[in-house]
Structures are given as C-alpha cells and as structure tokens.
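None of these values were measured; they are calculated from a predicted model. Each chain gets a letter, A, B and so on, in the order the sequences are listed, and its residues count up from 1.
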Amino acid sequence: MPTLTGDSVRLLLEQVAIDVESNKDFLCDLDGEVGDGDHGVSMTIGMRAVRRAMDDLPPDPSVEQAFQAASDAYAIEVGATIGPLYEVAFAAAAEACSGKADVSSVSDWVQIYQAMFDAIQQLGGAELGDKTLLDSFHPAIEKLASLEGEDLVSSLEQAAVTARGAAEATKDLKPMKGRASRLADRAVGHQDAGATSLAIILESVAAFAANVRS
Amino acid sequence: MPTLTGDSVRLLLEQVAIDVESNKDFLCDLDGEVGDGDHGVSMTIGMRAVRRAMDDLPPDPSVEQAFQAASDAYAIEVGATIGPLYEVAFAAAAEACSGKADVSSVSDWVQIYQAMFDAIQQLGGAELGDKTLLDSFHPAIEKLASLEGEDLVSSLEQAAVTARGAAEATKDLKPMKGRASRLADRAVGHQDAGATSLAIILESVAAFAANVRS
Amino acid sequence: MKKLINDPFDMVEEMVDGFLSANDDIVKRVGRRSIARVTSPIDGKVGIVVGGGSGHLPAFAGYVGQGMADGAAFGNVFASPPARPVVEATTAVDSGAGVLYLYGNYAGDCLNFDKAQDQCREMGMDVRTVVLNDDVASAPIDQADRRRGIGGLFWVFRITGAKAEQMASLDEVFEIATRANANTRTVGVGLTSCTVPANGRPTFHLEEDEMELGLGIHGEPGIKRQKVAPVDDIVEAMMDMILGDLDYSGSEVALSVNGLGGTPAEELYVVYRKAKEICDANGLRVRHKNVGEMVTALEMAGASISLVRLDDEMSALLDSTVNTCMYKKP
Amino acid sequence: MKKLINDPFDMVEEMVDGFLSANDDIVKRVGRRSIARVTSPIDGKVGIVVGGGSGHLPAFAGYVGQGMADGAAFGNVFASPPARPVVEATTAVDSGAGVLYLYGNYAGDCLNFDKAQDQCREMGMDVRTVVLNDDVASAPIDQADRRRGIGGLFWVFRITGAKAEQMASLDEVFEIATRANANTRTVGVGLTSCTVPANGRPTFHLEEDEMELGLGIHGEPGIKRQKVAPVDDIVEAMMDMILGDLDYSGSEVALSVNGLGGTPAEELYVVYRKAKEICDANGLRVRHKNVGEMVTALEMAGASISLVRLDDEMSALLDSTVNTCMYKKP
Ligand SMILES: Nc1ncnc2c1ncn2[C@@H]1O[C@H](COP(=O)(O)OP(=O)(O)O)[C@@H](O)[C@H]1O
Ligand SMILES: Nc1ncnc2c1ncn2[C@@H]1O[C@H](COP(=O)(O)OP(=O)(O)O)[C@@H](O)[C@H]1O
Ligand SMILES: [Mg+2]
Ligand SMILES: [Mg+2]
Ligand SMILES: [Mg+2]
Ligand SMILES: [Mg+2]
C-alpha cells in the first residue's frame, strides 16, 4: 500500500503535469471540433505553473500545501473556464487533506475526488449529462467509492479506466453548458475535451501510485 | 488575300481580346513567378475595355478609328506598366493607318507592328534583351519584314510563330527593366509574361486573317 | 503554422510588452497582465474595465484611452483572464466613483470577472457589470442571455466610454451600457480557421469552397456551414438575421463592418457597400459607421456586421473625441 | 480562393463605392477612380496627391484627409492607376498653390503619374513629384533609384502632409518630402502569398516552413527565401539591414511595424517589442511610433519594419493632428 505524503503529492502533481502536457495537441483538437481549440493549451499553461509551484514549495510540504499551491497556480495563470474550475477543485482537495500527513487509503481519495467534484459543480453549475468534465469524473468517483477498503493502486486504476470510458461516452451527449452548448446537435459525436483531460489526470494519479508501490 | 477594312479590324480586335482573356491565368502565373501576378488580369481588363470600345464604334469605322479606340480603352482602364505601353502602341498603329481604307499587305502590317514597337520602346525605354515584350516583338517584325510582298496570311503566321519562339526564349534572359529586374538572377529560367501576351496577340492576328481568307 | 513569434507560450507576455511600449503615451502597466490609462485614476470618473482572451486586438486592451475604457486585463489566447489582473485593473482605475466591467458573454469571462468583482467589492469598491451579447447567431432571441459577445462590443465600449468621460455616475454609465447592448446586433461569417499559437494547428477546417455563417471570434464553429457565395448574397443573409432580430424601423443607426483578422480592408469596404445599401433600402439612417478591425480572431478570414439602433443620446455620444491605443478619432 | 467579393472584376469599383460611402465625412468622389477631401481645394494649400494599385489599404486612399493627402487615385489591384484619375485628383485639389505627387517607385506608377503630371502642367498647374523608395532589400544603396516604395510611405505621407497643412509653399513641401524619403528605410518579410482576386490563384508558393526576406507589397518574391525562425532572429536580421543602410547613430527616430494584411496585431506588437529593444540598444530615441496596417498586400501574412531618422522639424510635424479616412490621431 503506497503511502503518499505531502512530498509524494508534490511529485504526483509534477507527474500529472507531464501527462497533461503530453496530450496538449489531442486535447486542443477535441476542443477545436466544438469549442475554441484551446483546452490543451489552457491545461498546459496551468500544469506548467503547477510544476513551477511545486519547485517553490518548502521542503517536506504538507499534502494540503501541495494541493493549495496547485490551486494558486491555476488561479494566477490560467483564466478561461477551466482555470477557476481547477482552482476551486485543487483548493477543495487541499481542504479535504487538511491536517492529514498522507493520503493512502481509497477513502482518502474518494474524499479528495468528491471534494473536487463538488467544488467544480458548485462553481460551474453544470448538471450531469451537460457534456462537461463532471461526466467523466462522476462515474469514476462512484466506482472508487464502491471499492473502499480495497487496494489503493488497483482501485485508482479502476476509477481511471471508468473515467476514460465515460470521457469517450461524452460523444453521445448534447452539451448544455459552455461554448459548445451553442452548437447543440452539431456537438453530438464529439468527445468532450474537459472530460478527457480529467480522465488523463485520474490515469496519471493511478500510474503514479502504482510506481510508488513497486 | 484578305482585305482588312476598318470594320474587319474591329472584329480582329474583338478576336484578340478573346484570345488574350482565354490565357489570363497562364499569363498571371508567368508574372507571378517573378513579378506581381497581375499581367493576365491587366491584359484582360484592357481587352474587355477594347471590346466595349469596339461595340461603341460608329458603323463602318476607319482602321485608324478602330486602333485609336483600343488605345483609348487601354488609357482609361488599365494603368500598370502595360497600360501606357499598349496605349501608345495602339495609338501608333492608328497613326500608321491614318487615311488607309484597309490593311491588306505584308508591308502594311510591318508598318503597323514597327510603329507599335517603336512607341513601346520610346515610352518604356527598354533595350532588346531586357526581358520585355520587345524581345518577342522584335524578331517577329524582322521575320515579317523579310516576307514583304508575300502572302499575308502565311506571313503573319510565320511572324507569330517567331514571336512565340522568342517569347519562350525569354527564359534565358536576365531582366533589366520593370519589377522582375529586382530579382536579377532569380528570374533566369522564367518566361516573360509581357513577351508571351504579345506573342498571343500576334497569333490571334494571324488566325483572324486566315479565317477571313477562307 | 507560421507566425511572427518566439516560443508560443511566451507570445502573450511579449505581446503585452510590445503593446505597452508602443502605447506608452496612453497606457501604463499595473500588473503582469493588466493595464490602465496613464492618467488613471481620474478624479470623479467612473472607471470602465474591459478584458477577455488575447487574440482579439484591438479588443480589448486596444480600446483603453480617452472616450472608451480605463483599464484592461489580458488573458491567454482565447482564454478569459483570471480574476487577478481584473482586480489589478479595477484597483488602478477606481477613483471612488465606481467601476463598470464590460465584456463578452462567455462562461470563462463570467466566472473570472465575477470573482474579481466579488473581491473588489470586498475591498470596498463599487463595481458593477454589464455582460455583452450582440451575437444573433449564437442563440435564439428568447435565450438572449446565452448569446455571446462579438464585433458589437466595439459600439458598447464606445458609447459607454463616452458617457463615462462626461463624468456621469455609475448608475448612468451602467444604464447606458445596458441600453447600448440591448440595441446592438451582430452576425459574423468566417472563411478560414485560425491557429491558436500554442496549439499550432488550425482549430477547424473549411473546404476551399466553404464558409461558416454565424461564426464566433474564437474559431468556434458557427451555426451553419455553407458554400461560399457572392458577397452581396452573404451580406443579405447576415442583414436579414440582424433586421429580423430587432425592430430598427425608421431609426438612426451605427453600422460597422469588422474584419476578423485575415480579410483585407478592400473586402470590408465591399461588404460595407452592400450593408449600407440594405440600410438605405430599409429606411435606416446610418449616422455613425466604422470599417476595419474591431474584434478579431487572430488571422481568421471573415467579417462581421454590427448594427446599433441609436437614440439621440447614444448618437451624440458617438460624436465625441476618442483617443485609445488602437482607435482614435479627433 | 475565398474572398468576400462578387465578380472579381467588379471588386475595385465596389470597394471604391464602399470606401466613399464609409468615409463621406472626409472625402468626396471626383472621378470614377479618384477622390479628394470634401474641403478641396483648400485656399492657398499645396495639394498632395497619392496613389497606386489597389490592395494596399490604408495606402493610398485611406490616407486622404487632414494632415496627410488631399487626393488619391485608385488603380486596379496591384496595378498603377492610369493617368486620368490622377489628373482628376490633381484638378480637384489644386488651389493654385501647386500639387505634389507622392507614390512608390514602380515602373507603372512612374509612367502613369508622369503622364498625368505632363497633362496637368499643360493645363497650367504647378505639379511636382517625389518618388518614394524606402525598401532597402530591393536594390543596393548605390542603385537607390531602383528601390521600390513600401511601408515607409506612411511616414513620408505623414511628414509631408503635416507640412502642407501648415500652408507651406510647394518648394518647402517638395523639400521636406525629399528629406523624409531620404531618411526612411524599410525591410519586409512575408510568410504567405496573396491572391490577386481576378487571378484567383496565389501569386507564389511558400512551404509550411519557409519565409521570404525582403518581400515587397505585391507578392513579388523577395530577395531571399529562408526557413522560418523565431521572430526575434527575424527582426534582428531586418534591423541589421536597416541600420547598415543609413547612419542613424544618436538620432531621434520614428519606428513603425506594418502588417501586410494577414498577420494579427498581436504578432506585430511582438515584432515591435524586439525592434524597439534594438533601437534602445543602439542609442536611438524612438520619438514616434506606429504599429498596425499601413501599406498592405491584400491578405499576405508578414510585416515590415520602417525606421525614419528624424530631425527637429520632422519630429515636430509628426506631433500634429491627423484625421484621414484610415489613420487618425487627435
Ligand atoms: N460549467 C462547467 N462545469 C464543468 N465543466 C465545464 C463547465 N464549462 C466547461 N466545462 C469544461 O471545460 C472544458 C473547456 O475548457 P477550456 O477549453 O479550457 O475553456 P474555454 O471553454 O473557456 O475555452 C469543456 O470541455 C468542459 O469539460
Ligand atoms: N519598360 C518596358 N518596356 C517594355 N515592356 C515592359 C517594360 N516594363 C515591363 N514590360 C513588360 O510588361 C510586363 C509586365 O506587365 P504587367 O504585369 O501588366 O505590369 P506591372 O509590371 O506593372 O505589374 C513584363 O512582362 C514586360 O514584358
Ligand atoms: Mg476551449
Ligand atoms: Mg505584373
Ligand atoms: Mg478558451
Ligand atoms: Mg502590377
């Protein structure tokens, strides 16, 4: 069972940053089909700022500090829709970890993800089915919650697989929020960019955890 | 032997206009390689104006009137380098035909072409070898002059063939005048647009004369 | 992608540097991504703060100066600025008379400007907002609050800025912005995509004979893809949408033809010619006009037409002097 | 080719119609292809007539108005106007104080303007000409009379127009135009071709990774085709050519970055940033500046940099008010 201390979360977020940036062009292409083609760029700008923020953390940061620094990075550098959404999401993650020395159980991660989800939903006001990142996040959290008490690595992996499938399934949804909503029926058939980057992040978390164990 | 009255010259110029416009894109492409890509457009604008001018001629115009109307059309509509050059060329042709009821002998046409050539050279100041329309015109006139007294149709045809060959041979010349001159060596290998449209005009004259005979 | 840039991730930074350097007679820097008039805050004057993603110049920063805006916040390309630069600009322009935010209706801009507004109010500033939504094509009239803001922003900035320049109160400035926005309609058409520099590939693809009607200013697909047509037909379709959306009959109007970035001014004048003809035919008196680039989408080819139904006050305000970084009139 | 036009052979006509309609507060029609200020002829004022091919807006007609030109003649796209519209414009602006022609050095323009000058002189008007040749890349310095006129035209029009506005004599106006031209240098770079509407196909082809250094404003190939590079390197190469051609040391200068039509303003500011930095590093004091589209080549992507070595008189003239159709400054 990998124990993720604050310093591990720092490394984890650097890993996430690399995985997101590696998919910049793919995410832009998805956004370009129905949006304005910048989602990969916005996420890359945010994640580059996260990496700089991780560099600037004090030695042995707390889990809370690491997540809060990521929130601040998004707040300052990103803008767009996605900036405030991840800002509040990371801030909620920080709060959920307040006082915790490490995040090592499935229930720790359910708490983190759920806090992030709630913050995003509260700020953005989207409903499930609106073709947003909530649509890949929600089933992943449900999956993870169903695995409480089980092995962290395999649970995070199953949640990530669920997220990826759900992201792909956004193809069938008709968008109601954000830029793509203006396209209504024309957006059907296109996979949502934000749901996809969310799945990439969840996959990255799972892969990182897997590496810590070995 | 075809007798070209003023009214025939009116038709002849309409024929020339059609042949030039048919080659608009080809002439633009030639000009685009080393110039500004507009030669086919300028000649088409000029020749369309010539056709309108021919429509507006009084019944049974003189040869002089027909050529002068073409000169005026170029003067008013074309501009660019080529506008004033064809303006003075057609005006010189008109003057050369002053008082003539028809232009039917080889020597009539030598006179017309030579007057056009001289006017262009005087206004434009180019030398032979400068990669201009003079370089296809000059050998064609020499050829025609060498055929004085012979059959008009076959003589005009031979002059046109000479012009076409000479236009193609401008590929080897280094331009000294006009826009292309700025490119110096880069222009070598490209066929001059103005020399080519001149050859097209000479071919059109020959073809028209051939049709009148039959 | 060929652009006159260095690292695409440095482009906005370097653009802001160049913008400030080229316009230092009119604007000053107040943060990394925020500017204000050199004279800000102006005693007793309501401050107008505009902003949005980069890639739309002259919108938004280009309109800072006498007769339009007082401050602006720069976002990344096609991405709303975060709250911070908006707060910086607000702080820099607030003289105590209050500040009005004007920006186009996009989810990102609403989120970030609202957050800035909250923060500034907490600091004791009197801040209000009018969200602009002139784009007829982006939603039906009964869902006008979902419409986005495009080329007509220019007129609302201009009318509101002129009012604020007269030292009107925040209530008055808010009211005229609301009125100007309610009377402004725009329809756009796109012929080519644009390329977000840090993405590097065109946002979408149009065939050699296709255009997109109702296109926005971010390269988002429009409402209808169709074959290119003679511009007179295109303008007729655009004007039909505009005139069908608001009752302009018998009004004085302001008419603008906005280039999206890649379309030469020559073509914009051809568009203007037809749009003006249609106004004339409908008995609309064109009192104010503008042809050029007002709200662009990087290098996208295309144009938008905006029509404002004027009243006497708006019309008179448009006669005033304007001297911003990128729009000037003696 | 996708353009917002009707029949390409009608484009110039329709563009002129739209231009006149959109700018009827400043200019009036004096012939099918010629315009003058509504106030022309202005008593005692030397008239400035500019002109050239269409496709370069704001050049040339866009610069008619207070503080720049009095009249302009429109040619077909990329083709000098014939003599007639030049004569019409000359006649319309001549108040008896004489007229000065200003245009770029191209064979066609020289032929047609010279002919117009001859005709006007025969009619008794006092007409003189200064042919502009700021393009460093188009010929070596010892053959400067073969150099063409490009983006620097803007500054010469502006300085000369300001002088004429002060009711200077034809001799004085001629002298300052000559001086401004002699002190102006420009280098351009092109990233894409443009398409002459009535031709319908791009004038030339550049690969996805190629640019053309020293490109003119008609899509004529430049002096050197090379791989695209970071813009800072490109600007350095351009500034090297400019600074190597004229001794600017210690001078006050006017610096402009001109977009060729298809390049967004954001990129022009990135170019300006570096050009200004190089001026600073060389001890040149940038007193006047302009970033935007000044002399374009239809929708070509690219830019040019112009640098004017100013003296006190030129610098002061550039402070005056200007109110033309497409360039205004209070
Ligand atoms: N209200 C919302 N709630 C949750 N997610 C949203 C909301 N609006 C948009 N999104 C997500 O944001 C993504 C787009 O992000 P991005 O392209 O970075 O921002 P923008 O739309 O401002 O260009 C969408 O694919 C969607 O998943
Ligand atoms: N001085 C000159 N004398 C004769 N012909 C010339 C001269 N200058 C240019 N030309 C001819 O004109 C042609 C170009 O014409 P065109 O493209 O219509 O005008 P522009 O060069 O103004 O764009 C050249 O190909 C050349 O044959
Ligand atoms: Mg997006
Ligand atoms: Mg040519
Ligand atoms: Mg965006
Ligand atoms: Mg030409």
Q: So, D/Phe154 versus D/Tyr63, ring centres under 6.0 angstrom or not?
A: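 For D/Phe154 and D/Tyr63, the ring centres are under 6.0 Å apart.
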
Q: With sequence neighbours left out, which residue pairs that include part of residues 295-304 of chain D fulfil the side chain to side chain donor-acceptor pair (under 3.5 Å) condition?
A: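 Matches after skipping sequence neighbours: D/Lys3-D/Glu299, D/Asn258-D/Ser304.
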
Q: Would you please classify the geometry between the D/His56 ring and the D/Phe78 ring as parallel, tilted or perpendicular, with 30° and 60° separating the classes?
A: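 Ring orientation, 0 to 90° scale: parallel.
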
Q: Look at D/Asp17 together with D/Arg29 and state whether they make a salt bridge at an N to O cut-off of under 4.0 Å.
A: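 So D/Asp17 pairs with D/Arg29 through a salt bridge.
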
Q: Among D/Asp114, D/Ile217, D/Asn76, D/Asn199, which residue forms the greatest number of heavy-atom pairs with chain B at distances under 4.5 Å?
A: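 Counting heavy-atom pairs under 4.5 Å, the top option is D/Asn199.
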
Q: Any idea how B/Phe90 and B/Tyr86 line up, ring-wise: parallel (<30°), tilted (30 to 60°), or perpendicular (>60°)?
A: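 B/Phe90 vs B/Tyr86 ring planes: tilted.
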
Q: Which bit of B/Glu77 is near chain D, if near means a heavy-atom gap under 4.5 Å: side chain, backbone, both or neither?
A: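 Contact with chain D is through both the backbone and side chain of B/Glu77.
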
Q: Anything in residues 54-76 of chain B with a heavy-atom distance to chain D below 4.5 Å? Please list those residues in order.
A: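 B/Ala75, B/Ile76, listed by number.
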
Q: Write out all pairs satisfying salt bridge (Lys or Arg N to Asp or Glu O under 4.0 Å) with one or both partners inside residues 197-207 of chain B, taking only residues at least two apart or from two chains.
A: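 Listed once each, the pairs are B/Arg164-B/Glu203.
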
Q: List in chain and number order the residues that pass ring pair (Phe, Tyr, Trp, His ring centres under 6.0 Å) with D/Phe113, two or more places apart in sequence or in another chain; answer none if no residue qualifies.
A: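 D/Phe113: ring pair (Phe, Tyr, Trp, His ring centres under 6.0 Å) contacts with D/Tyr101, D/Tyr103.
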
Q: To the nearest 0.5 angstrom, please state how far the CG atom of D/Leu206 sits from the CD atom of D/Glu212.
A: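 Spacing of CG (D/Leu206) from CD (D/Glu212) equals 6.0 Å.
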
Q: Sort B/Leu123 into side chain, backbone, both or neither according to what part of it lies under 4.5 angstrom from a heavy atom of chain D.
A: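 Both parts, backbone and side chain.
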
Q: Which one, D/Asn112, D/Val196, D/Thr195, leads in non-hydrogen pairs under 4.5 Å with chain B?
A: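 Heavy-atom pair counts peak at D/Asn112.
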
